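Indexing begins at 1, ligand by ligand and atom by atom, following the structure's order. Computed from a prediction, not measured in an experiment: that's the story for all the values here.
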Amino acid sequence: MRGPLTGAGLGLILSAPLAALFFLAAKLLSIRFPPFVGFERLSRWLPGAWVTWGIDFMVGVLRRFRVEDTSRAAKVAEQALALALFVFACAVLGAVLFAGAAHVRRRGWKLAWGAVVGVGLSLPWLDERRLAASIGLVPSGFIGMALLLVWLKEQWRKASQAVQATRLDRRRLLIQVGGSSAVLTLAGVVLGRLATSREGIGGAGVPWSAMHPLPNADDPVQPVPGTRAELTAVERHYRVDINLSPPQINEVSWRLKVDGLVKQHRQFSLPELRAYEPTHQFVTLSCISNPVAGDLIGTTRWTGVRLSRLLQDVELLPDATHLKMHAADRYDEVIDLERVRADPRIMLAYAWDGLPLSPEHGYPLRIYIPDVYGMKQPKWIVRIEAISRAEPGYWVRRGWDPKAQVQTTAVIDVIGPTAVRARTGEWVLPVGGIAHSGARGISRVEVQVDDGPWDLARLRRPLSQTTWVIWRYEWPFREGRHSFAVRAFDRGGAPQEVTPAPPHPSGATGIHRRSWPA
Ligand SMILES: Nc1nc2c(c(=O)[nH]1)N[C@H]1C(S)=C(S)[C@@H](COP(=O)(O)O)O[C@H]1N2
Ligand SMILES: [Mo]
């Protein structure tokens, strides 16, 4: 038993320099970081229910710790998990290697065994999108590590068999291995970082919002200070997707392919798409995993080409009824052609707030579909395929609502912090927040304090029919501790769902409550 354990320990130590080497090499070869590839593969592979549970759990923990930016923290947590998985695999490699090598005498066979185990364990980390480069890198890394381990096993044995000062010899070996590992790790990370800083992708320029007033700037209903920003800065917009690092797409070689049930396959370059008359729309995008009052929701100004307009230049065959959108990360979703033809707001977007999409948010092209959660709206689109029937998309296949229509919700962002003197002379406590109902708008927001009646809040004119609405309420102040609740009604007067439901499978519902003072 000592053998495999020692092997696992040495594998654990060596996983650090191997990861650092991969980090540097991945940058230089422009392939994805192998530990991330393995984790992404696993997350696409596991049953949807497990992944959903994992995401819910993570969002829950992050919220409990009141993390500022859930989606960013979640990505960091996932990346840490990916590294942990990689370290674990290296420990397994060490254990298997030591266990097997104990049964072979000849040095040649030991080395052969090392190579076999190395190749075997390298398979899950290969990047299928850059197979050649990744086959050049990953197996050699693992084989190198395996051979090093075989050699170390020999050294370990010698150290153990030395006539005297056994402990010391072993300790010296460990210190040597650990020390060189640390140095190599540091070097790999530093060099890798240097290689990254040279990449610098686009994104330069001035956002639209820095040069233009918002369309509702003159509205007399101003947000209560402490309400979230009405227009989310793009770098503060939540990010949710199935990747640990976003697909890096080169605009020069990228094409939007349109094929399937079409008379003739078409390809569009980004300049060709930009040459169409652009359409602009203020949009609130929300993740279906967003809990009531969560931060997986954001609003910005989308620019793109109307999908219905683009389709005029593609000859669809009569039996085409749906469009399947394929993304560079192998994400996919399907949309009804009737809906596309009926809704001119549906666009293929290439800009947010006047700037090209960032790599995280779908550069170079993503779709906007009003009234549905983000899961229905692929980023990094590379291909649109005309098909003749509905098909479940990525998250639908994993158990989420096929329609994924945005739920009506209202959120209290801020209470107070203190009562203020109103113009009428009485003391009021300002309360403010947002309400959102996809593209169905908000007609009414009501606030209830303690067991009092539901009272109307004032609504600020929204940026568009497809964004959240900012509301505010002046509560006639009374001393003591109070509980505040808020509820919303959509444009048609339909009340929000007040029964609490978790995000899975159809989006979170329920009344948001807060007490004051906190
Ligand atoms: N290609 C691709 N598109 C995707 C996803 C993804 O994983 N891959 N995630 C979807 C989900 S679940 C959401 S909530 C939105 C989030 O968009 P954002 O990260 O720009 O806020 O992207 C959607 N589009
Ligand atoms: Mo999402």
Pick one of side chain, backbone, both or neither for how Ile242 approaches ligand 1, counting any non-hydrogen atom pair under 4.0 Å. both

Contact region, Gln377 to ligand 1, non-hydrogen atoms below 4.0 Å, reads backbone

For ligand 1, does Cys287 get within less than 4.0 Å through its side chain, its backbone, both, or neither, judged by non-hydrogen atoms? both

Relative to ligand 1, is Trp352 under 4.0 angstrom through side chain, backbone, both or neither, heavy atoms considered? side chain

Check the pair His237 / Trp352 against ring-ring contact (aromatic ring centres under 6.0 Å, His included), numbers first and verdict last. CA-CA 11 Å; His237 195 286; Trp352 266 17; 4.5 Å; yes

Please could you name the atoms of ligand 1 that Ala327 approaches to less than 4.0 Å, counting only its heavy atoms? 1 (N)

By number and element, which atoms of ligand 1 are closer than 4.0 Å to a non-hydrogen atom of His237? 21 (O)

Residues Asp241, Lys75: salt bridge by 4.0 Å N-O rule: yes

Tell me which protein heavy atom sits closest to atom 17 (O) of ligand 1, plus the residue, atom name and distance to 0.1 Å. Arg366 NH2, 3.1 Å

Among all protein non-hydrogen atoms, which one is nearest to atom 12 (S) of ligand 1, and what is the separation to 0.1 Å? Met375 CA, 3.7 Å

Atom indices of ligand 1, in the order listed, that fall short of 4.0 Å to a heavy atom of Leu285: 17 (O), 21 (O)

When distances are taken from atom 3 (N) of ligand 1, the protein heavy atom at minimum range is Lys379 N, 2.8 Å

I need the nearest protein heavy-atom contact for atom 1 (N) of ligand 1: residue, atom name and distance, please. Asp329 OD1, 2.8 Å

Under-4.0 Å heavy-atom contact with ligand 1, by part of Tyr238 that carries it: both

Return yes when Pro378 approaches ligand 1 closer than 4.0 angstrom through a heavy atom, no otherwise. yes

Should the pair Lys324-Glu333 be classified as a salt bridge under the 4.0 Å nitrogen-to-oxygen rule? no

Taking 4.0 Å as the limit for heavy-atom contacts, which would you say applies to Ile381 with ligand 1: side chain only, backbone only, both, or neither? neither

Out of Ile55, Leu62, Val61, which one pairs with Val59 under the side-chain contact (heavy atoms from CB on, under 4.5 Å) rule? Ile55

Less than 4.0 angstrom from a charged side-chain N to a carboxylate O is my criterion; do Arg472 and Asp413 meet it? no

Output yes when Asp353 and Arg301 qualify as a salt bridge under the 4.0 Å nitrogen-oxygen rule, no when they do not. no

Numbered in order shown, the ligand 1 atoms found under 4.0 Å of a heavy atom of His361 are 18 (P), 19 (O), 20 (O), 21 (O)

For atom 9 (N) of ligand 1, what's the nearest protein heavy-atom neighbour? Residue, atom name and distance, please. Val240 O, 3.3 Å

Going by the side-chain contact (heavy atoms from CB on, under 4.5 Å) test, name the single residue among Asp371, Val396, Ile335, Ile288 that passes it with Lys376. Val396

Is it the case that Arg444 places NZ or CZ above or below the six-membered ring of Phe489, under 6.0 angstrom from the centre and within 45 degrees of the axis? yes

Just checking, Arg274 and Tyr350: is the charged tip under 6.0 Å from the six-membered ring centre and within 45° of the axis? yes

Is there side-chain contact between Met325 and Tyr331, with at least one heavy-atom pair below 4.5 Å? no

Listed partners of Gln496 passing side-chain hydrogen bond (donor to acceptor under 3.5 Å, both in side chains), at least two apart: none

Proximal ligand 1 atoms for Trp380, defined as those under 4.0 Å from one of its heavy atoms: 1 (N), 2 (C), 8 (N)

At what distance is the nearest protein heavy atom to atom 23 (C) of ligand 1, and which residue and atom is it? Gly374 O, 3.2 Å

